[in-house]
Engineer: 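I'd like to ask some things about the structure below.
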Amino acid sequence: MSVLVTGGTGYIGSHTCVDFIEKGQDIVILDNLCNSKIEVLDYIEQITGIRPKFYQCDLLDKEGMKKIFDENDIDTVIHFAGLKAVGESVAKPIEYYKNNITGTLNLIEEMRDHNCFKLVFSSSATVYGKPKSVPIKEDFPLSTTNPYGTTKLYIEQILKDLCVADDRFSVVLLRYFNPIGAHSSGLIGDNPNGIPNNLMPYVTRVAKGVLPHLNVFGNDYETADGTGVRDFIHVLDLAAGHYAALKALSNPGVSIYNLGTGNGVSVLDIINTFERVTGIKIPYQIAPRRPGDIAECFADASKAEFELGWKATRGLDEMCASAWNFESKHS
Ligand code: NAD
Ligand code: UDP
């Protein structure tokens with residue numbers, strides 16, 4: 001039996017593929033390469049010694065998807081594929097809803113038609129909107145402020161409805177906090193096109209001298225140092241959370257887990273840690289708050305620990321060092 005990994009050449013997907021292969025799980029990757037490169041397959045092979053089967057296929061291509069299910073014995077799907085840039089989603093809502101929602105509908109239809117009923121979906125802490133308090137628990141109210149977040153919320157709802165309608169399905173919704181860092185080989189990592197939106201890839205590009213300075217979006221939040229606080233988690237810990245989540249696929253219906261460390265870390269903490277572990281100075285300027293940002297967002301990750309036996313183990317030093325190791329080896 002194989003696990004189909006949609007979006008498997010992307011940032012989180014590639015690390016999860018490595019983790020699964022190293023644990024002996026046979027995988028098949030589907031990706032349309034709209035935000036990743038084919039070379040990632042070489043890197044996965046260099047790290048693990050195994051080259052996974054790959055289909056360059058779009059979730060919107062029903063025929064292509066059918067072929068993958070026809071040709072492979074897939075019993076579980078890990079569904080990463082999707083567009084993820086918040087700002088772009090505001091400018092291009094049609095493309096985001098079509099890609100993420102129609103893409104997921106196509107996927108679950110093919111799954112049903114091929115008697116494949118186990119699905120792990122990449123959701124996000126963005127579905128908590130502006131949380132009433134921190135740490136955030138899975139049963140907090142849900143809301144969103146941009147089309148990207150709305151696609152995550154709607155897909156969660158679609159999958160909940162699916163499980164009500166068809167009790168053969170078992171779905172795990174994983175709500176990721178802020179994945180950063182990279183595999184220790186420096187071969188795979190976060191490599192966004194153009195100017196990064198997220199903090200860590202921006203910091204590593206400033207460190208490399210590609211960008212002149214970091215803009216710190218606001219230092220007047222109600223936090224210890226005034227800058228935004230997030231729950232940064234090493235991407236390898238996040239990857240391992242997917243393997244742990246397979247356990248919950250023996251339960252019928254929908255299970256929901258936060259994947260975070262449970263620690264709040266500020267933007268200035270990231271800059272200071274990065275400078276200390278790499279020895280590279282990060283010039284920064286205080287800029288206005290970024291629209292839509294919240295002061296604090298970090299997880300209560302105890303449910304995943306209690307029910308899945310999963311816990312993040314890697315610290316901030318390793319996250320910063322590995323992110324820099326990756327950036328310094330890639331153009
Ligand atoms: P990524 O862009 O690196 O990976 C996504 C992959 O999906 C890419 O390789 C892309 O080419 C592929 N893809 C997109 N649309 C596709 C389509 N229609 N058909 C086939 N392939 C398609 O992103 P990532 O950071 O690895 O994120 C993976 C998932 O996790 C996404 O669903 C994202 O929304 C979610 N997520 C990411 C973060 C984060 O901070 N990175 C946080 C929360 C949730
Ligand atoms: N941030 C920043 N400068 C940047 C990018 C991000 O100060 O160039 C801050 C942002 O305001 C937030 C934190 O870093 O407080 C994490 O932002 P990111 O976009 O990485 O993740 P998210 O907003 O999804 O939590």
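For ligands, and for the atoms within them, numbers begin at 1 and follow the listed sequence. For the single chain, residues carry numbers from 1 onward in sequence order.
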Engineer: Which pairs pass salt bridge (charged side-chain N to carboxylate O under 4.0 Å, His left out) with one or both residues in residues 182-211, sequence neighbours excluded?
Structural biologist: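 Of all non-adjacent pairs touching residues 182-211, those that pass salt bridge (charged side-chain N to carboxylate O under 4.0 Å, His left out) are R205-E327, K208-E327.
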Engineer: Please assess Y202 against N215 for the test side chain to side chain contact (heavy atoms under 4.5 Å, CB included), listing each intermediate value before the final yes or no.
Structural biologist: CA-CA 9 Å; Y202 206 108; N215 290 306; 4.2 Å; yes
Engineer: Are any of the N/O atoms on C34, whether in the backbone or the side chain, positioned under 3.5 angstrom from an N/O atom of ligand 1?
Structural biologist: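 Yes, C34 has an N/O under 3.5 Å of an N/O on ligand 1.
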Engineer: Quick check on the 6.0 Å ring-centre criterion: do H242 and Y176 meet it?
Structural biologist: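 Between Y176 and H242, which both carry aromatic rings, the centre distance is below 6.0 Å.
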Engineer: Which atom names give the shortest non-hydrogen contact between P131 and G129, and what distance separates them?
Structural biologist: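 Closest approach of P131 to G129, heavy atoms only: CD-O, 3.1 Å.
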Engineer: With a cutoff of 4.0 Å, is K152 in contact with ligand 1, counting heavy atoms of the residue only?
Structural biologist: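 Yes.
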Engineer: Spell out, yes or no, whether L174 and V18 are grouped together once hydrophobic residues are joined by side-chain heavy atoms under 4.5 Å, including indirect joins.
Structural biologist: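 Yes; V18 is reachable from L174 via cluster members.
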Engineer: Please say yes or no: joined through hydrophobic side-chain contacts below 4.5 Å, possibly via intermediate residues, are Y154 and L142 part of one cluster?
Structural biologist: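 No, because Y154 and L142 fall into different hydrophobic clusters, even though each may have its own neighbours under 4.5 Å.
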Engineer: Measure the spacing between CG of L4 and NZ of K53 and express it to the nearest 0.5 Å.
Structural biologist: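 The CG atom of L4 sits 11.0 Å away from the NZ atom of K53.
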Engineer: Which value, rounded to the nearest 0.5 Å, describes the distance between S123 atom OG and R175 atom CZ?
Structural biologist: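 One finds 6.0 Å between OG of S123 and CZ of R175.
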Engineer: Check each protein residue for a heavy atom under 4.0 Å from ligand 2 and list those that pass, ordered by chain and number.
Structural biologist: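 Lining ligand 2 at under 4.0 Å, by heavy atoms, one finds N178, N197, N198, L199, Y202, L214, N215, V216, F217, G228, R230, V267, R290, D293.
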Engineer: Considering non-hydrogen atoms of the protein only, which is the closest contact for atom 19 (N) of ligand 1, and what is the distance?
Structural biologist: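 Ranking protein heavy atoms by distance from atom 19 (N) of ligand 1, first comes L59 N, 3.0 Å.
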Engineer: Can you find an N/O atom of L83 closer than 3.5 Å to an N/O atom of ligand 1?
Structural biologist: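 Looking only at distances, the answer is no, because the N/O contact criterion of under 3.5 Å is not met.
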Engineer: Counting non-hydrogen protein atoms only, what is the nearest one to atom 34 (O) of ligand 1? Give residue, atom name and distance.
Structural biologist: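 Ranked first by proximity to atom 34 (O) of ligand 1 is Y148 OH, 2.7 Å.
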Engineer: For atom 17 (C) of ligand 1, grab the closest protein heavy atom and report residue, atom and distance to one decimal in Å.
Structural biologist: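 I find the closest protein heavy atom is N32 ND2, 3.3 Å.
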Engineer: Does the separation of the ring centres of F177 and F298 fall below 6.0 angstrom?
Structural biologist: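 Centroid distance F177-F298: not below 6.0 Å, so no.
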Engineer: Identify, for atom 24 (P) of ligand 1, the protein heavy atom at the shortest distance, and state residue, atom and that distance.
Structural biologist: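 Looking only at protein heavy atoms, the one closest to atom 24 (P) of ligand 1 is K84 NZ, 3.7 Å.
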Engineer: So for P179, does at least one of its heavy atoms come nearer than 4.0 angstrom to any atom of ligand 1?
Structural biologist: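 Yes, P179 has a heavy atom closer than 4.0 Å to ligand 1.
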Engineer: Check for me whether C57 has a heavy atom closer than 4.0 Å to any atom of ligand 1.
Structural biologist: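 Contact present.
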Engineer: Show me, pair by pair, the donor-acceptor contacts under 3.5 angstrom made by side chains of residues 262-274, not counting sequence neighbours?
Structural biologist:
from	atom 1	to	atom 2	distance (Å)
S266	OG	D225	OD2	2.6
S266	OG	L268	N	3.4
S266	OG	D269	N	3.0
S266	OG	D269	OD2	3.2
D269	OD2	S266	N	2.9
N272	ND2	L268	O	3.2
T273	OG1	D269	O	2.7

Engineer: When you look at R230 and E296, which way does the salt bridge (charged side-chain N to carboxylate O under 4.0 Å, His left out) test go after all the steps?
Structural biologist: CA-CA 6 Å; R230 297 290 183 273; E296 283 192 296; over 6 Å; no
Engineer: Can you name the salt bridge (Lys or Arg N to Asp or Glu O under 4.0 Å) partners of D70, sequence neighbours left out?
Structural biologist: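 By the salt bridge (Lys or Arg N to Asp or Glu O under 4.0 Å) rule, D70 matches K66.
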Engineer: Tell me whether N178 reaches ligand 1 (any heavy atom closer than 4.0 angstrom to a ligand atom).
Structural biologist: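 Flag not set, N178 not near ligand 1.
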Engineer: Considering non-hydrogen atoms of the protein only, which is the closest contact for atom 4 (O) of ligand 1, and what is the distance?
Structural biologist: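 Protein heavy atom at minimum distance: G10 CA, 3.5 Å.
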Engineer: Look at atom 5 (C) of ligand 1 and say which protein heavy atom is nearest, naming residue and atom and giving the distance to 0.1 Å.
Structural biologist: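 Ranked first by proximity to atom 5 (C) of ligand 1 is G82 O, 4.0 Å.
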Engineer: Working to the nearest 0.5 angstrom, can you tell me the gap between I101 CD1 and L59 CG?
Structural biologist: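 I101 atom CD1 to L59 atom CG measures 12.5 Å (nearest 0.5 Å).
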Engineer: Does F121 have its ring centroid less than 6.0 Å away from the ring centroid of H79?
Structural biologist: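 When the ring centroids of F121 and H79 are compared, they turn out to be within the sub-6.0 Å range.
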Engineer: Please state which protein non-hydrogen atom is closest to atom 28 (C) of ligand 1 and give its distance, to 0.1 Å?
Structural biologist: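 Looking at atom 28 (C) of ligand 1, the protein heavy atom closest to it is F80 O, 3.6 Å.
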Engineer: Looking at S36, which atoms of ligand 1 are within less than 4.0 Å of one of its heavy atoms?
Structural biologist: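 Answer, ordered by atom number: 8 (C), 9 (O), 11 (O).
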Engineer: For atom 7 (O) of ligand 1, which protein heavy atom lies nearest, and how many Å away is it?
Structural biologist: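 The closest heavy atom on the protein side is A81 CA, 3.3 Å.
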Engineer: For ligand 1, is there an atom lying under 4.0 Å from some heavy atom of S123?
Structural biologist: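 Flag set, S123 near ligand 1.
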Engineer: Mark the output for N99 as yes if a heavy-atom distance to ligand 1 is under 4.0 Å, and as no if none is.
Structural biologist: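 For ligand 1, residue contact (heavy atoms, under 4.0 Å) with N99 is present.
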Engineer: Applying a strict 4.0 Å limit to heavy atoms, is L30 in contact with ligand 1?
Structural biologist: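 The answer is yes, since L30 has a heavy atom less than 4.0 Å from ligand 1.
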